[in-house]
Amino acid sequence: MKKELAKTYNPKEFEDRIYKEWCDKGYFAPDPDKSKPAFSVVIPPPNVTGQLHMGHALDETLQDILVRSKRMQGFSTLWVPGTDHAGIATQIKVEENLRVNEGLTRYDLGREAFLERVWDWKNKFGSRIISQLKKLGTSCDWSRERFTMDEGCSKAVREVFVNLYEKGLIYRGHRIINWCPNCRTALSDAEVEYSEQAGHFWHIRYPVKDSDAFLTIATTRPETLLGDTAVAVHPEDERYKDLVGKMLILPLVGREIPIVADEYVEKDFGTGCVKITPAHDPNDFEVGKRHSLPVIRVMNDDATINAEGGKYQGLTREEARRAIVEDLEKGGFLVKVEDYSHNVGTCYRCKTNVEPLTSDQWFVKMEPLAKPALEVVKNGTVKFEPERFSKTYINWMENVHDWCISRQLWWGHRIPAFYCDACGEMTVSKTDLTACPKCGAPLRQEEDVLDTWFSSALWPFSTMGWPDDTEDLRRYYPTSVLVTGYDIIFFWVARMIFSAMEHTGKEPFSTVFIHGLVRDAQGRKMSKSLGNGIDPLEIIEEYGADALRFALASGNSPGNDMRFSPEKIEAARNFANKLWNASRFVLMNMEEDTPYGLPDVSLLATEDKWILSRFNKLVKEVRLALDGFELGVALSAVYDFSWDVFCDWYIELTKSRLYDKGSESGKVAVRVLGYVLVETLKLLHPYMPFITEEIYQAMPHDEESIMISAFPVASDALDFPVEEAEMEKVLDAIRAIRARRAEMNVLPSRRTKLFIITESVDTFRNAEGFFMKLAGASEVLLPDTYEEEGAVSIVTSAATVYIPLADMIDLDKEKERLAKELEKTEGEILRIEKKLSNEGFVAKAPAAVVEGEKAKLAKYRETEAKLREELKKLENI
RNA sequence: GGAGGCAUAGCUCAGUUGGUUAGAGCACUUGCUUCACAUGCAAGGGGUCAUAGGUUCGAGUCCUAUUGUCUCCACCA
């Protein structure tokens, strides 16, 4: 059924409409046909209250390309969408909102009322990110949309927690952890970001008890002096050997602390003496354990000094530092201050300096879990693409510490541990308990919630119904590919792998397809604070989702960052426009009843066979690239074919036939045009789903939607090597003539006779129209020889073409040009001859390569002979 | 301190297991109101593929070192 296309490409007119049609038709749901192989993907769930940014756009685009191409290749594809509750991020937003609008804190509201606010917020904004994903054209099965805090995922979380607890892999402990004083919660190691900060190195004198001697320590954090319980020196440090075991008087505090010997100290760094503050430094904590030192925590949860700090109580960390340095100076304890720049841990959410401190937290014991997770990557069951990221993963997993999973937040999965104040028992349970199983007294549930990543770690199987034995799990789990950025390999990918291994006994996915970051045109990370973020929705609004997707997919190589620039998106839009207009042209030349599909081979012209043969090559190329996750390579192949081969050549080649109204040959041409265009659209559909669907619907086609049509398969029936080669001879000649005319400034309007001397007479005779249309010919003659003077000669390997342009010819220049060309050709001949006379090459190179070189040599020799002949002629004049 | 990426045209980047004369987009030059498209057409200029070695019949591609640059991990107080 022939439809009209609007005169200009305007994606706004059809993108939303088409998306709705796909949804209504149910195309996004996996095909229930059991005979089809399964291909499944789970979306990296965006933050439920987040806004779509370029990172999402890239991630979703890549996934959609994979999913759509697999669907067209006959897989039963399932793409599970959903969102993450994003504990800290969401809670911060709601608290901020509460503070700004009502001047309240979460404590003013209380836990229950505050959580109601968060749920309201979630319900208000949770659909926003989903609708933004839809604008991109993502083909997720929305009927399976999940949320990390929905009933099913919560059930999975409890199941996992209790299982791990019962196996002894989750424990509660008083440990030193990373604390964010702003978010007022513990953080895992992965949630700490280090940043270089300018600071000072304070050298402080600690007097030795009952002596005039003293030790000088150097520290970047003088305020933690309040919690010092020792000073450590290296056991082999001659300077301090005799002092080990003696006591020091802690300045300002007056506490007696021992001098201990520990290998942790570097003799050559600082003064060789380290103050030990077990409560506020992870290394000191370890030293403290080895020497059974007391642990004195001197800060509150908001990083102000607590009662242990004596007169400094109530001061912030920064205030305390200033006050203490001042007092040290007054007391004569301060030796010197140096400028010092060092790495400080900050909170990945709010960038506040992390305060290491001791507290009661829940941990996952990592060692037993890491083992199978390492194995499965090392033995290739889980493959990283590109492969190098498996190193990053293995390195991290081999050195992983226990995972602190408790967060002092309210928004999240509350830890299912129940305390009995009557008998002191703690019970961990999959279901909520009200009475103590031991003594029957009322219970109190743990206040802490779980790290957000604890639930996302279960995403590949919790979304498919685990722990129940569901049909989805049986059919689609393990999933096929996980697509994500390298920045969350530790947060998420690693944790999914060990969780899946532990709880399902299977890897969560077979391939991890890693992409880089989308940066701005200057190569900077897009960020809110810089204000350099490009809003994908604005791009879609202005250029269309297809253009955005194209811009993100083209030139993007796996694992590498990319820059996003206005030029790129314009180039993408221009390509869409080109396709649109090429399609309009094809449609214009179609009849109401032009059918889909190729006419009989016997009816095909040489150029038809040429384009089919070229298309067939393209199909092979695209499929190979897609199979290897080379999405950018596949796209550029389709781009080049569409623009250069199909539009710039094939369409132009068919014009004379098309303008011969009603001719059989014109009808054949239009069917080939339609066929190649539609099949090319299919190759392109995974990348640009909307425009390809819109055009597909307008053209004669084979399926209800391009989405469910079959991805092209290379076929021997479309291979026409002979015609392809013949056609290339003609195209070579046309290109050469055009170049020559342009060089001589022959106006396009000036048409001339062409005399073509060639052995492929039939080929060139059949191509007469092409020379008229594309090479400025008024008449094409194919004599056996051409001897007249005053003609430009153009030499290609297959033909010598003469253009009588007596008035424009400069004989000397002609000679010079021919001589130059001859020189170049001879150079090439020499190079190939050398190669072919190399015994190693002939013996070791593949036969096809050797044959290729021989063919090339033959071609150059033909050209050389013709050039010599021409030169001789000119010299005789 | 450890690991890794990148270095190819003026700019931004492709280049799949080594195999035509190294490509594209943008920018630049010249010409074109050719009846699909000026978001276009045609022609053109521009690269010793960071440097030095090595492996190979053959290296932009593999190996080693060097330089520059970016990132991640570790954290010496």
Side-chain angles (χ1 to χ4, degrees), chain A residues 5 7-9 194 201 217-221 224 232 264-266 268-271 273-277 281-284 287 342-345 386 388-389 391-392 395-396 399 486-487 489-490 516-517 521 523 543 554-557 559-568 570-589 621 624-625 627-630 632-634 636 639-640 647-648 651-652 655 659 735 738-743 745-749 773-774 824 827-828 831-832 835 838-846 848-850 852-853 855-856:
Chain A
L5 289 181
K7 276 205 167 150
T8 50
Y9 166 64
Y194 288 88
F201 218 16
I217 59 94
T219 180
T220 54
R221 302 203 54 202
T224 61
Y264 153 72
V265 181
E266 292 275 334
D268 303 329
F269 186 80
T271 59
C273 305
V274 186
K275 64 192 251 339
I276 301 297
T277 321
D281 182 285
N283 289 309
D284 293 5
V287 174
H342 61 140
N343 270 341
V344 179
R388 65 181 139 92
F389 288 102
K391 265 189 205 165
T392 312
N395 186 46
W396 187 80
N399 298 298
Y486 58 70
D487 50 333
I489 291 177
F490 307 136
L517 269 38
Y543 296 94
S554 74
N556 186 318
S557 62
N560 289 342
D561 291 353
M562 67 178 307
R563 296 188 195 202
F564 194 89
S565 62
E567 290 78 27
K568 223 167 203 163
E570 268 172 33
R573 189 267 324 266
N574 292 354
F575 176 59
N577 186 249
K578 185 72 185 176
L579 277 178
W580 186 262
N581 280 295
S583 305
R584 280 181 56 224
F585 175 79
V586 173
L587 273 174
M588 264 172 44
N589 288 286
E621 213 180 328
L624 192 71
D627 289 345
F629 293 96
E630 294 282 351
V633 172
S636 85
Y639 175 93
D640 290 345
C647 290
D648 289 345
I651 285 183
E652 295 305 321
K655 276 184 178 172
Y659 294 152
R735 275 187 277 255
R738 281 174 172 175
R740 197 69 203 98
R741 285 174 56 110
E743 199 182 320
N745 299 316
V746 180
L747 288 175
S749 54
K773 181 93 188 144
L774 305 173
K824 217 174 126 187
E828 286 304 312
R831 197 180 55 81
I832 299 172
K835 213 171 184 179
N838 181 332
E839 277 172 42
F841 176 73
V842 180
K844 292 185 185 173
V849 174
V850 178
E853 291 293 318
K856 242 183 345 185

Counting the atoms with a prime plus P, OP1 and OP2 as sugar-phosphate, which does [X] contact under 4.0 Å by heavy atoms, base, sugar-phosphate, or nothing?
X         : value
Phe575(A) : nothing
Ile832(A) : nothing
Ala218(A) : base
Lys391(A) : sugar-phosphate
Glu853(A) : nothing
Arg573(A) : base
Ala739(A) : sugar-phosphate
Lys856(A) : base

Please measure how far the [atom1] atom in [N] lies from the corresponding atom in [M], and state the result in whole Å.
N      : M      : atom1 : value
U51(B) : G60(B) : C1'   : 15 Å
C26(B) : C41(B) : P     : 10 Å
A9(B)  : C49(B) : P     : 10 Å
C70(B) : U64(B) : P     : 24 Å
G10(B) : U16(B) : P     : 22 Å
U48(B) : G44(B) : C1'   : 22 Å
U69(B) : C63(B) : C1'   : 22 Å

Compare all side-chain heavy atoms of [X] with those of [Y] and state whether any distance is below 4.5 angstrom.
X         : Y         : answer
Arg741(A) : Arg738(A) : no
Tyr264(A) : Asp284(A) : yes
Phe201(A) : Thr219(A) : no

Could you verify whether a donor N or O on one side chain and an acceptor N or O on the other, from Asn574(A) and Tyr9(A), lie under 3.5 Å apart?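 No donor-acceptor contact under 3.5 Å links the two side chains.
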
Would you kindly say whether Lys275(A) and Thr224(A) are connected by a side-chain donor-acceptor distance under 3.5 Å?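 Checked: Lys275(A)/Thr224(A) side chains pair up, N/O donor to acceptor below 3.5 Å.
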
For Ala625(A), what residues pass the side chain to side chain contact (heavy atoms under 4.5 Å, CB included) criterion, not counting sequence neighbours?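 Only Glu630(A), Val633(A), Ala634(A) meet the side chain to side chain contact (heavy atoms under 4.5 Å, CB included) criterion with Ala625(A).
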
Which helical stems does RNA chain B take part in, if a stem means at least 3 consecutive Watson-Crick or G-U pairs with both distances below 3.5 Å?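 For RNA chain B the paired stretches long enough to count as stems (3 pairs minimum) are B:1-7 with B:67-73, B:10-13 with B:23-26, B:28-32 with B:40-44, B:50-54 with B:62-66.
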
If you take atom types as modelled and just measure distance, does the side chain of Asn343(A) reach the base of C75(B) with a donor-acceptor pair under 3.5 Å?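 Yes, a donor-acceptor pair under 3.5 Å.
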
